[in-house]
Q: 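Sharing a structure below in structure tokens format, with a few things to ask.
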Amino acid sequence: MKGFIKKFTVIIMCAVLGIAAVGCASISVSTASDKKEASISASLEKKEEPNGAPDDDFTGYIALLTEHFYLLSGPVEDLPEYSGHKGFYWIADFRYDVDYTGEPATKLIGFKCHDYSGDGRPELIIAEYPINEEWANQTDIKTVYTMTGEDDYKVVVEGWGRNRQYLLDTGEFYNEGSAGATEGCFGTYRLSYDGTKQEWIDFYFSTEVNGKVGYYHNTSGAWDIKVSEILDIDEAKFFDLQRSYQEKIVDIDLQPIQSMQSICGIMGGSLLNVMYKEDCPFDTAELREFYVSTDDSPVALVLETYDDIYDLNVCNIEWGEEKGGEQDYTLVPIKRIGDVAWGNAVIIYASFPGDMSSIFFTFDDSFGTRRAYCLTISGKDGELVLEPWF
């Protein structure tokens, strides 16, 4: 519980402000959607889910998503202490994936807000991106939430290493798990119409009785031979049946949990990060390059994004007349970069002549709000300073 109360207080504050921010941005949501469909790269295109229902707004889950964002942004060694909380049991295993990949925790987890039950109200899925082609090559659902009232959620499904949850191309959910060498299970279920519970379609399991392994089936999801029929199959046919379900697993088009930075940005977060190219920890060989300087020795910068951003431009500032103690200015685009997906980066070659030189970045965030950041280089130690302008 170390630091949880303090973090949660910040989360609630952020959520309240986030809801207000979304409300203010609601006028331009359609504009943002138009931009996505018209100009966003293929990596950002949304795919329709198997049940054919449209994607839904996640604003009702902002407080919960912000809680996940802050938790996963913290130290990895602190993650296990949260595994005892409802909806966070998966954290205990997840920390090993963070160690295995070497990636930030916020880069491995995403979410999907979608009406899977069919009652017109969206459920929220928290899931992990596929991280290993050999043994973890599909979207791994960690938790499914449903709203039962304003800012009131219910955990409907939890998954972890030995109790895995997936989505099938039929729109049904698939579960498989293990409790030992002879104890395995798999099956399918749907969400009840109000989204508050699982409704099992088929459930298969193996268990050892009197020294012999048997294979059973029921439609209740209970691992109990007393309410199940025994199947006249062997181990090979049991696993063939399991594979027939596994072949129907589909990836879920997740939105990265890191994109909550666009909400938390109102608490001082940044949607952009800029570093010197020589300090960049990842390979920059394939990054797009943009020259905004004609000098012989420009500064090479790597600009990466913490959310999907649109119509990114590099600008200079032109100062106008002073009026009432405030000076007019105009941000003049000098290079258009365009749309940049979350987690992507570009290289910019720029110049900073003089003591007070700066360049500006303007773009639309995922809510359609126009933003600007000012980049300067400290004359004291050469440090890059990136600050929101508006």
Q: May I ask you to decide if the ring planes of Trp200 and Phe203 are parallel, tilted or perpendicular, using 30° and 60° as cut-offs?
A: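 Because their plane-to-plane angle is over 60°, the rings of Trp200 and Phe203 count as perpendicular.
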
Q: State, without any angle test, whether Ser378 and Glu383 hold a side-chain donor-acceptor pair at a distance under 3.5 Å.
A: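 No pair is found: no donor N or O on one side chain lies under 3.5 Å from an acceptor on the other.
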
Q: Holding to side-chain hydrogen bond (donor to acceptor under 3.5 Å, both in side chains), I want the full list of residues that pass it with Tyr329, two or more places apart in sequence or in another chain.
A: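 Partners of Tyr329 by the side-chain hydrogen bond (donor to acceptor under 3.5 Å, both in side chains) criterion, ordered by chain and then number, come out as Trp389.
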
Q: Do Ile249 and Ile201 share a hydrophobic cluster, counting only Ile, Leu, Val, Met, Phe, Trp and Tyr and linking them when any side-chain heavy atoms are less than 4.5 Å apart?
A: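 No, Ile249 and Ile201 fall in different hydrophobic clusters.
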
Q: Hey, quick one: are Leu303 and Ile377 part of the same hydrophobic cluster, counting side-chain heavy atoms closer than 4.5 Å, chains of contacts allowed?
A: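 Yes, same cluster.
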
Q: Quick one: are Tyr153 and Thr148 in side-chain contact, heavy atoms under 4.5 Å?
A: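 In short, these two side chains do not touch, never coming nearer than 4.5 Å.
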
Q: Kindly indicate, with the supporting measurements, whether the criterion salt bridge (charged side-chain N to carboxylate O under 4.0 Å, His left out) is fulfilled by Arg121 and Asp194.
A: CA-CA 8 Å; Arg121 297 184 304 172; Asp194 63 1; 5.9 Å; no

Q: In terms of side-chain heavy atoms, does Asn316 have a donor or acceptor partner in Glu318 at a distance below 3.5 Å?
A: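 Distance-only check fails for Asn316 and Glu318.
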
Q: Is the backbone N or O of Pro333 less than 3.5 Å from a side-chain atom of Asn313, with the two atoms forming a donor-acceptor pair by type?
A: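 No; judged by distance alone, with no hydrogens or angles, the pair does not exist.
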
Q: Answer yes or no: is there a donor N or O on one side and an acceptor on the other, between the side chain of Asn218 and the main chain of Gly221, under 3.5 Å?
A: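 Confirmed, Asn218 side chain pairs with Gly221 backbone.
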
Q: Does a salt bridge link Asp365 with Arg370, judged by any charged N lying under 4.0 Å from a carboxylate O?
A: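 Looking at Asp365 and Arg370, the cut-off is not met.
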
Q: What I'd like to find out is whether the side chain of Leu384 reaches to under 4.5 Å of the side chain of Leu375, using heavy atoms alone.
A: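 A side-chain contact under 4.5 Å exists here.
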
Q: What I want to find out is whether Arg162 reaches Asp93 closely enough, with some N-O distance under 4.0 Å, to be called a salt bridge.
A: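 Salt bridge absent between Arg162 and Asp93.
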
Q: Report the residue from Tyr70, Phe58, Tyr145 that forms a side chain to side chain contact (heavy atoms under 4.5 Å, CB included) with Leu65.
A: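 Looking at Tyr70, Phe58, Tyr145, the match for Leu65 under the side chain to side chain contact (heavy atoms under 4.5 Å, CB included) is Phe58.
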
Q: Does the side chain of Tyr61 reach to within under 4.5 Å of the side chain of Ile126, using non-hydrogen atoms?
A: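 Tyr61 vs Ile126: side chains apart.
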
Q: According to a hydrophobic-cluster definition based on side-chain heavy atoms being under 4.5 Å apart (Ile, Leu, Val, Met, Phe, Trp, Tyr only), do Phe69 and Val98 belong together?
A: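 Yes, it is one cluster - the side chains of Phe69 and Val98 are joined through contacts under 4.5 Å.
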
Q: Do the side chains of Lys226 and Asp224 get close enough for a salt bridge, i.e. N-O under 4.0 angstrom?
A: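 No, Lys226 and Asp224 are not salt-bridged.
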
Q: Given side chain to side chain contact (heavy atoms under 4.5 Å, CB included), test Phe205 with Ser228 step by step and report yes or no.
A: CA-CA 10 Å; Phe205 66 94; Ser228 308; 3.4 Å; yes

Q: Would a distance-only check, ignoring hydrogens and angles, find a side-chain to backbone donor-acceptor pair under 3.5 Å from Glu123 to Tyr116?
A: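 Side chain of Glu123 to backbone of Tyr116, a donor-acceptor pair under 3.5 Å: yes, one is there.
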
Q: Say you draw a straight line from NZ of Lys107 to CD1 of Ile257; how long is it, rounded to the nearest 0.5 Å?
A: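 Reported to 0.5 Å precision, the distance equals 15.5 Å.
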
Q: Do Asp240 and Lys237 meet the salt-bridge criterion of a basic N to acidic O distance under 4.0 Å?
A: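 Looking at Lys237 and Asp240, the cut-off is not met.
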
Q: Looking at Glu158 and Lys142, is any side-chain nitrogen of the basic one under 4.0 Å from a carboxylate oxygen of the acidic one?
A: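 So Lys142 does not pair with Glu158 through a salt bridge.
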
Q: Taking the six-membered ring where the residue is Trp, are the ring centres of Tyr166 and Phe186 under 6.0 Å apart?
A: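 For Tyr166 and Phe186, the ring centres are not under 6.0 Å apart.
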
Q: How many angstroms lie between CD1 in Ile233 and OG in Ser206, if you round to the nearest 0.5 Å?
A: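 The CD1 atom of Ile233 sits 9.5 Å away from the OG atom of Ser206.
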
Q: I'd like to check the ring pair (Phe, Tyr, Trp, His ring centres under 6.0 Å) partners of Phe363; sequence neighbours left out, ordered by chain and number.
A: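 Applying ring pair (Phe, Tyr, Trp, His ring centres under 6.0 Å) to Phe363 gives Tyr373.
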
Q: Report the distance from atom CD1 of Ile347 to atom CD of Glu304, rounding to the nearest 0.5 Å.
A: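 Ile347 CD1 to Glu304 CD: 12.0 Å, rounded to 0.5 Å.
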
Q: Taking Thr143 for its side chain and Gly87 for its backbone only, find out whether a donor-acceptor pair lies under 3.5 Å.
A: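 It does hold such a pair.
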
Q: Output the rest of the hydrophobic cluster of Trp160: all Ile, Leu, Val, Met, Phe, Trp and Tyr residues reachable through side-chain heavy-atom contacts under 4.5 Å, sorted by chain and number.
A: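 The other cluster members (ILVMFWY side chains, heavy atoms under 4.5 Å, direct or chained) are Tyr89.
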
Q: Would you please indicate yes or no on a ring centroid separation below 6.0 angstrom for Phe238 and Tyr204?
A: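 For Tyr204 and Phe238, the ring centres are not under 6.0 Å apart.
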
Q: Is there a donor-acceptor pair closer than 3.5 Å between any side-chain N or O of Thr188 and the backbone N or O of Glu172?
A: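 Side chain of Thr188 to backbone of Glu172, a donor-acceptor pair under 3.5 Å: no, none is there.
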
Q: Quick one: SG on Cys315 to CD1 on Ile334, what's the gap to the nearest 0.5 Å?
A: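 One finds 7.0 Å between SG of Cys315 and CD1 of Ile334.
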
Q: Taking a hydrophobic cluster as the set of Ile, Leu, Val, Met, Phe, Trp and Tyr residues connected by side-chain heavy atoms closer than 4.5 Å, whether directly or through intermediates, do Tyr276 and Val274 fall within one such cluster?
A: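 Per the 4.5 Å side-chain linkage, Tyr276 and Val274 are co-clustered.
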
Q: Which atom names give the shortest non-hydrogen contact between Met275 and Pro281, and what distance separates them?
A: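 Here Met275 and Pro281 meet closest at SD-CD, 3.7 Å.
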
Q: Any chance you could measure Ile252, atom CD1, to Ile125, atom CD1, to the nearest 0.5 Å?
A: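 Ile252 atom CD1 to Ile125 atom CD1 measures 4.0 Å (nearest 0.5 Å).
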
Q: Using 30° and 60° as the class limits, which term best fits the ring planes of Tyr174 and Tyr245: parallel, tilted or perpendicular?
A: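 Answer is parallel, since the angle falls under 30°.
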
Q: To the nearest 0.5 Å, how far apart are CD1 in Ile141 and CG in Leu254?
A: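 Ile141 atom CD1 to Leu254 atom CG measures 9.0 Å (nearest 0.5 Å).
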
Q: Could you note down all residue pairs passing salt bridge (Lys or Arg N to Asp or Glu O under 4.0 Å) where residues 174-191 supplies at least one of them, sequence neighbours left out?
A: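 Residue pairs passing salt bridge (Lys or Arg N to Asp or Glu O under 4.0 Å), neighbours aside: Arg164-Glu176.
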
Q: Tell me if the centroids of the rings in Phe88 and His68 come within less than 6.0 Å of each other.
A: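 Under 6.0 Å, so yes.
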
Q: Please enumerate all residues that pass side-chain contact (heavy atoms from CB on, under 4.5 Å) together with Thr101, with sequence neighbours excluded.
A: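 Result, side-chain contact (heavy atoms from CB on, under 4.5 Å) vs Thr101: Glu103, Leu108, Ile131.
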
Q: Heavy-atom count around Asp279 CG within 6.0 Å, excluding the residue itself: above 12?
A: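 Yes, because the 6.0 Å sphere around CG of Asp279 holds more than 12 heavy atoms from other groups.
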
Q: Does Leu287 belong to the same Ile/Leu/Val/Met/Phe/Trp/Tyr cluster as Val340, with side-chain heavy atoms less than 4.5 Å apart forming each link?
A: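 Leu287 and Val340: separate clusters.
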
Q: Scan residues 279-305 for pairs that pass ring-ring contact (aromatic ring centres under 6.0 Å, His included), counting only residues two or more places apart or in two chains.
A: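 Qualifying pairs, neighbours excluded: Tyr291-Tyr349.
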
